[in-house]
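This report refers to the structure that appears directly beneath it.
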Amino acid sequence: MKISLKQQATERKNSEVCVVTKHDIEDATLDFAIVKINGRYPDQGRVTNTQCKEIVYVHQGNGKVVVNHKEYQLNTGDAVLIEAGEKFFWEGSMNLFISCTPAFTIDQHQQVD
């Protein structure tokens with residue numbers, strides 16, 4: 001068993017409107033993070049994860065995700081699966097629970113346009 005306690009979590013600011021709290025469970029195949037979006041991320045264009053797919057649960061709030069130019073309205077309780085290589089952006093005011101497989105690394109998270 002592996003555990004990440006609240007006080008062990010690390011925070012990273014992806015942008016002025018996107019703050020990530022990562023719970024490191026020391027597993028290369030899976031991870032977990034809480035992401036707070038308050039605006040548009042990324043600020044312009046789209047991003048992609050070249051190696052991992054992510055399952056995202058909207059814990060609180062509402063907004064939208066645009067994946068490969070298709071827009072999806074999101075509300076509390078919705079879940080989204082974004083595959084590796086899909087291009088996307090988030091917009092709204094949401095607290096997201098995100099798990100990636102394999103585990104997320106910042107070097108494979110790329111701005112694409």
Side-chain angles (χ1 to χ4, degrees):
M1 189 204 56
K2 298 176 182 179
I3 189 167
S4 173
L5 303 174
K6 180 180 176 180
Q7 64 268 23
Q8 294 171 310
T10 57
E11 192 171 281
R12 178 182 75 246
K13 199 171 187 181
N14 280 0
S15 75
E16 290 301 312
V17 300
C18 179
V19 178
V20 177
T21 303
K22 182 181 178 188
H23 288 268
D24 189 1
I25 54 173
E26 299 179 7
D27 187 326
T29 64
L30 185 68
D31 69 1
F32 180 77
I34 300 169
V35 179
K36 294 181 182 179
I37 303 276
N38 192 18
R40 187 186 192 282
Y41 177 79
D43 297 336
Q44 298 178 41
R46 299 174 295 163
V47 292
T48 189
N49 293 316
T50 60
Q51 297 172 12
C52 68
K53 61 183 173 180
E54 58 184 59
I55 183 89
V56 181
Y57 175 77
V58 181
H59 177 249
Q60 189 175 37
N62 59 65
K64 67 181 179 181
V65 62
V66 177
V67 181
N68 294 335
H69 301 293
K70 190 166 181 184
E71 183 176 311
Y72 303 90
Q73 294 298 316
L74 299 173
N75 294 293
T76 300
D78 292 340
V80 178
L81 177 66
I82 299 176
E83 298 284 350
E86 290 186 312
K87 299 169 184 171
F88 62 95
F89 70 86
W90 301 97
E91 189 169 358
S93 179
M94 300 177 279
N95 286 350
L96 308 173
F97 292 171
I98 300 180
S99 184
C100 295
T101 184
F104 180 90
T105 59
I106 195 68
D107 60 319
Q108 62 84 52
H109 184 70
Q110 299 175 357
Q111 180 103 21
V112 289
D113 51 28

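The basis for the numbers below is simple: all heavy atoms, side chains too, and nothing from hydrogens, waters or symmetry mates.
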Once ring pair (Phe, Tyr, Trp, His ring centres under 6.0 Å) is applied, do any residues pair with Y72, and if so which ones, sequence neighbours excluded? none

About how many Å separate OG1 of T48 and CG of N68, when rounded to the nearest 0.5 Å? 8.0 Å

Does R46 have any side-chain contact (heavy atoms from CB on, under 4.5 Å) partners at least two apart in sequence or in another chain, and if so, which? H69, K87, F89, V112, D113

Going by the rule side-chain contact (heavy atoms from CB on, under 4.5 Å), which residues pair with Q44 if we only count those two or more places apart in sequence or in a different chain? none

Which pairs of donor and acceptor atoms, one on a side chain in residues 75-84, lie under 3.5 Å apart (sequence neighbours left out)?
from, atom 1, to, atom 2, distance (Å)
T76, OG1, G61, N, 3.1
T76, OG1, G61, O, 3.2
D78, OD2, N75, N, 2.7

V17/D43 under side chain to side chain contact (heavy atoms under 4.5 Å, CB included): CA gap, chis, key distance, verdict: CA-CA 8 Å; V17 300; D43 297 336; 4.1 Å; yes

Indicate, with yes or no, if M94 and I98 share a hydrophobic cluster defined by side-chain heavy-atom contacts under 4.5 Å among Ile, Leu, Val, Met, Phe, Trp and Tyr. yes

How is the hydrophobic cluster of F104 composed, in terms of its other members, when Ile, Leu, Val, Met, Phe, Trp and Tyr link through side-chain heavy atoms under 4.5 Å apart, directly or indirectly? I106

Can you pull the salt bridge (charged side-chain N to carboxylate O under 4.0 Å, His left out) pairs that have at least one residue in residues 28-42, sequence neighbours excluded? none

Quick test of your reading: applying side chain to side chain donor-acceptor pair (under 3.5 Å), list the pairs with at least one residue in residues 92-103, sequence neighbours left out, ordered by first then second residue. Q60-N95

If hydrophobic clusters are built by linking Ile, Leu, Val, Met, Phe, Trp and Tyr wherever their side-chain heavy atoms come under 4.5 Å apart, do L96 and V67 end up in the same one? yes

Partners of A9 by side-chain contact (heavy atoms from CB on, under 4.5 Å), sequence neighbours excluded? T21, H23

Residue pairs meeting salt bridge (charged side-chain N to carboxylate O under 4.0 Å, His left out), one or both in residues 6-29, sequence neighbours left out, come to K13-E16

Taking the hydrophobic residues Ile, Leu, Val, Met, Phe, Trp and Tyr, and joining any pair whose side-chain heavy atoms are under 4.5 Å apart, which ones share a cluster with I25? none

Other than L5, what residues sit in its cluster of Ile, Leu, Val, Met, Phe, Trp and Tyr side chains whose heavy atoms are under 4.5 Å apart, directly or through others? M1, I3

Listed once per pair and sorted, the salt bridge (charged side-chain N to carboxylate O under 4.0 Å, His left out) pairs that draw on residues 64-74, sequence neighbours left out: K64-E71, K64-E91

Look up atom NE2 in H59 and atom CD1 in I34, then write down how far apart they are to the nearest 0.5 Å. 8.0 Å

With a 3.5 Å distance limit and no angle check, can you tell me whether Q108 reaches the backbone of Q51 through a side-chain donor-acceptor pair? yes

Return the orientation label for the Y57 and F97 ring planes: parallel under 30°, perpendicular over 60°, tilted otherwise. tilted

Hey, can you tell me if W90 and F88 have their rings parallel, tilted or perpendicular (30° and 60° cut-offs)? perpendicular

